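Naming: A, B, ... by sequence-line order, numbering from 1 per chain. All figures in this text were calculated on a predicted structure; none of them were measured in a lab.
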Amino acid sequence: METKILLQEIYSTLLKEFKPQKWWPTKSKSKERRFEICIGAILTQNTSWKNVEKALENLRKAKMLNEQGIRNAEEKELALLIKSSGYYNQKAKKLKAFVEFLQSYPLEKLEKITQEKSRDLLLGVHGIGKETADSILLYALNKPIFVIDAYTKRIFSRIMPEKTRNLKEYDEWQEFFSSNLDKDAQLFNEYHALIVNLGKNFCKKKPLCGECPLNKKCKKQQLYNLLTALNLSS
DNA sequence: CGCCAGGGCCTCA
DNA sequence: TGAGGCCATGGC
């Protein structure tokens, strides 16, 4: 129960500091928009969003940022358009597999079945792992599911090592958050976006603890201060 | 120049 | 089921 308070405080602090990130708000998304979110979720795998934006823009200009466009495209041609997002040959295959999947399970259909079932279906698609599936569920389908990524693990391992030390698998991390937060899609949506912002700009591999908005709440920072005071290195 | 980014698949014990 | 290799561009 201490954990719940802390997770809430971290959220409030980040929201106040960074303001709402407005990634993909939960309300009123067109069919086209939701499709784009899915494509973005796949293209951003282990890749900076900056590089993904260029790829999305190329697809848009080619009138191919839609289901039919990707379905009809040559895989080679597709790969070229998304080149900037890296792993472009692999990702071209993944996009193909995804639009193939949509023929059997369009987003409108996925939306209607249970979260667990749609997740399993998504996980069956080549190129969609747990994080990508959950990003699609949360950002395209507004399902209240918490997305775990590399930033999440790094940040919370540092902030509360004693609470997270035993977490290993993806699903264990996810359970940690969903059992300690209200299952609210808007909250999960904003929280994850804030985590990414923090991970990108402060809680990097080499963290900028001095300027971090969470340094007062962070165990690692407290430890670092202690070590510094003793004139040891981190 | 090296490191890293909003992972996931495949292989091999 | 866990570790390790592979995929690849662009920013810093």
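Side-chain atoms of A:Glu32 and A:Asn66 form no donor-acceptor pair, as typed in the model, at a separation below 3.5 Å. Side chain to side chain, A:Thr47 and A:Lys91 meet the donor-acceptor criterion of an N or O pair below 3.5 Å. No donor-acceptor contact under 3.5 angstrom links the side chains of A:Asn58 and A:Lys83, judged on distance only. Side-chain contact, A:Lys130 with A:Gln174: no donor N or O sits under 3.5 Å from an acceptor N or O.
A:Arg60 pairs by the salt bridge (charged side-chain N to carboxylate O under 4.0 Å, His left out) definition with A:Glu36, A:Glu57, not counting sequence neighbours.
Dashed line: the shortest gap from a side-chain N or O of A:Thr132 to OP1 or OP2 of B:dG8 is under 4.0 Å. For the OP1/OP2 pair of B:dA5 and a distance below 4.0 Å, the side-chain nitrogens and oxygens of A:Arg154 include at least one atom meeting the criterion.
Nearest to the side chain of A:Asn89, among B:dG7, C:dT9, C:dA8, sits C:dA8. Between C:dT9, B:dG8, C:dC7, one nucleotide has an atom nearer to the side chain of A:Gln90 than all others, and that is C:dC7. For A:Tyr88, counting side-chain heavy atoms from C-beta on, the closest listed nucleotide (C:dA8, B:dA5, B:dG8) is C:dA8. The side chain of A:Lys168 sits closest to C:dA3 out of C:dA8, C:dA3, C:dG11.
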Can you check nucleotides 10-13 of chain B for protein contacts, nitrogen or oxygen pairs under 3.5 Å, and list what you find?
none

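Counting any heavy atom pair closer than 4.0 Å across all strands shown, A:Ile195 reaches no nucleic acid atom. Across all strands, A:Ser85 comes closer than 4.0 Å to no nucleic acid atom at all (heavy-atom distances). No engagement by A:Ala193 is indicated, since no non-hydrogen atom pair under 4.0 Å with the nucleic acid exists. Within the 4.0 angstrom heavy-atom criterion, only backbone atoms of the sugar-phosphate kind lie near A:Lys54; the bases stay farther away. Heavy atoms of A:Lys205 sit under 4.0 angstrom from primed sugar atoms or phosphate atoms, though from no base atom. Counting non-hydrogen atoms under 4.0 angstrom, A:Lys91 reaches nothing in the nucleic acid.
When the C1' atom of C:dA8 is taken as reference, atom CG of A:Leu43 falls 13 Å away, rounded to whole Å. What separates CG of A:Leu123 from P of B:dG8 is a distance of 9 Å, to the nearest Å. When the P atom of B:dA5 is taken as reference, atom CD1 of A:Ile42 falls 21 Å away, rounded to whole Å. Rounded to whole Å, the distance from NZ on A:Lys206 to C1' on C:dC12 is 14 Å.
Ring centroid separation for the pair A:Phe177 and A:Phe156 comes in under the 6.0 Å cut-off.
With the nearest nucleotide of DNA chain C identified for both A:Glu169 and A:Asn46, A:Glu169 has the one nearer the 5' end.
Here, B:dC3 and C:dG5 have their P atoms 15 Å apart, quoted to the whole Å. With both ends at atom P, the span from C:dG10 to B:dG8 equals 22 Å, rounded to whole Å.
In this structure, C:dC12 forms a base pair with B:dG2, meeting either the Watson-Crick or the G-U wobble geometry with both donor-acceptor distances under 3.5 Å.
A continuous path of ILVMFWY side-chain contacts below 4.5 Å connects A:Phe146 to A:Trp24, so both sit in one hydrophobic cluster.
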